[in-house]
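These numbers were taken from a predicted model, which means no experiment stands behind them.
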Amino acid sequence: MSNPSFPLGVIAALALLMASKPARAEAAPVPNESVTASTKGRDVGPSLRGFDVLATAGYGAHTGNVVNLELAPYAASFGIDLGYSWRSGFRLGGYVFKSLGRSIDQRRDPRIGREYDLTADASSINGGLSLGWGVPLYGFILRYELKLGVTSMQWDIQDPSGLRGGYDEDASPTLGMHVAPGVALLWPYGLFEGGLGFEYLAQIKDTIPSGFIGTLFLGVRL
């Protein structure tokens, strides 16, 4: 006579084996999804917060004449730009730069009298406050800026007629306010920072010509 406990034992063993499979699957470790989800989007670019001190070098060109007199107070420029950036990207800073300018020989044709030649030599010092907004961009920082400051233009007009080409300023230097919107692309690398920028120096005083200035930045983040 067969033993009835034998098939019952086999059935029980199979039931336990089938029940253990999903339990093992549930116990298998899941890839670190929670950590990935919590850190996803955290590394969106370089940090914007902190002080930075930048040495600047660049070249500028004037965009117009003053009473038909050509003055070039920009050309090669050297200076410093410093500021503090908040985590949001807003930056408050200050700047000053010296533009060597250049001399321009030009010919004048007055309405009355003969034509004559003159030489106009000009340079400038510019400084003021800057408001900026930095945006992380693939390891770089794209910074939009608006500068508000003062220009001191030194000039010397060698005019044999004594009329100075119709330039109506009494003495050098000539002082005036300027507004300069611009943009810069910066690359932070550890404590160091470098990049390129471009701005338009719009002069409010009509006896100082406006101009474009391209700038190279190199400095440190503190």
Side-chain angles (χ1 to χ4, degrees), residues 30-63 72-102 122-154 177-203 208-222:
V30 179
N32 206 358
E33 295 179 355
S34 60
V35 176
T36 304
S38 63
T39 58
K40 185 177 180 181
R42 188 174 296 176
D43 187 15
V44 296
S47 174
L48 301 176
R49 185 177 179 180
F51 288 97
D52 58 350
V53 180
L54 303 171
T56 64
Y59 195 87
H62 61 288
T63 59
Y74 305 116
S77 302
F78 307 91
I80 188 170
D81 186 310
L82 54 87
Y84 182 82
S85 298
W86 281 262
R87 190 180 300 276
S88 63
F90 176 74
R91 181 179 185 267
L92 177 63
Y95 65 96
V96 61
F97 64 92
K98 166 71 175 179
S99 292
L100 302 181
R102 61 190 181 94
S123 61
S124 65
I125 298 176
N126 305 271
L129 298 176
S130 64
L131 304 175
W133 188 268
V135 180
L137 183 66
Y138 300 107
F140 293 87
I141 295 176
L142 182 63
R143 178 180 292 162
Y144 302 96
E145 284 191 321
L146 179 62
K147 295 180 177 179
L148 307 171
V150 177
T151 296
S152 173
M153 185 182 73
Q154 296 78 33
M177 301 289 295
H178 66 251
V179 179
V183 63
L185 184 63
L186 302 173
W187 179 50
Y189 184 77
L191 296 179
F192 298 97
E193 188 177 48
L196 297 172
F198 185 78
E199 63 187 27
Y200 176 65
L201 206 65
Q203 299 290 347
I208 302 177
S210 300
F212 288 102
I213 299 179
T215 306
L216 172 66
F217 299 93
L218 185 61
V220 295
R221 299 180 62 86
L222 306 177

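The line from CG of Leu131 to CG of Leu92 is 6.5 Å long, rounded to the nearest 0.5 Å. Here the straight-line distance linking atom CZ of Arg102 with atom OG of Ser123 works out to 13.0 Å at 0.5 Å rounding. Rounded to the nearest 0.5 Å, atoms NE2 (His178) and OG (Ser124) are 9.5 Å apart.
Contact record, Ser130 with Glu145: OG-OE2, 4.2 Å, taken as the closest heavy-atom pair. Taking all atoms of both residues into account, the shortest heavy-atom contact from Leu82 to Arg91 is C-NH2, 3.3 Å. Of all heavy-atom pairs between Arg143 and Asp52, the closest is NH2-OD2, 3.4 Å. Taking both residues in full, the closest heavy atoms of Ala57 and Phe78 are given as CB-CD2, 4.1 Å, listed atom of the first, atom of the second, then distance. Between Met153 and Pro209 the shortest heavy-atom distance is SD-CD, 3.9 Å.
Judged purely by atom type and a 3.5 angstrom limit, Ser99 has no side-chain atom pairing as donor or acceptor with the backbone of Ala75. Using modelled atom types, no side-chain atom of Tyr95 and backbone atom of Gly79 make a donor-acceptor pair closer than 3.5 Å.
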Show every donor-acceptor pair shorter than 3.5 Å between a side-chain atom in residues 182-201 and any protein atom, with sequence neighbours excluded, or say none if there are none.
residue : atom : partner : partner atom : Å
Glu193  : OE2  : Arg221  : NH1          : 3.0
Glu199  : OE1  : Lys147  : NZ           : 3.0

Between side-chain atoms of residues 212-219 and protein atoms elsewhere (two or more places apart, or another chain), which donor-acceptor pairs fall under 3.5 Å?
none

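Annotation: side chain of Val179 is in contact with side chain of Leu148 (closest heavy-atom distance under 4.5 Å). Contact annotation: the side chain of Arg49 approaches that of Tyr84 to within less than 4.5 Å [non-hydrogen atoms, C-beta and beyond].
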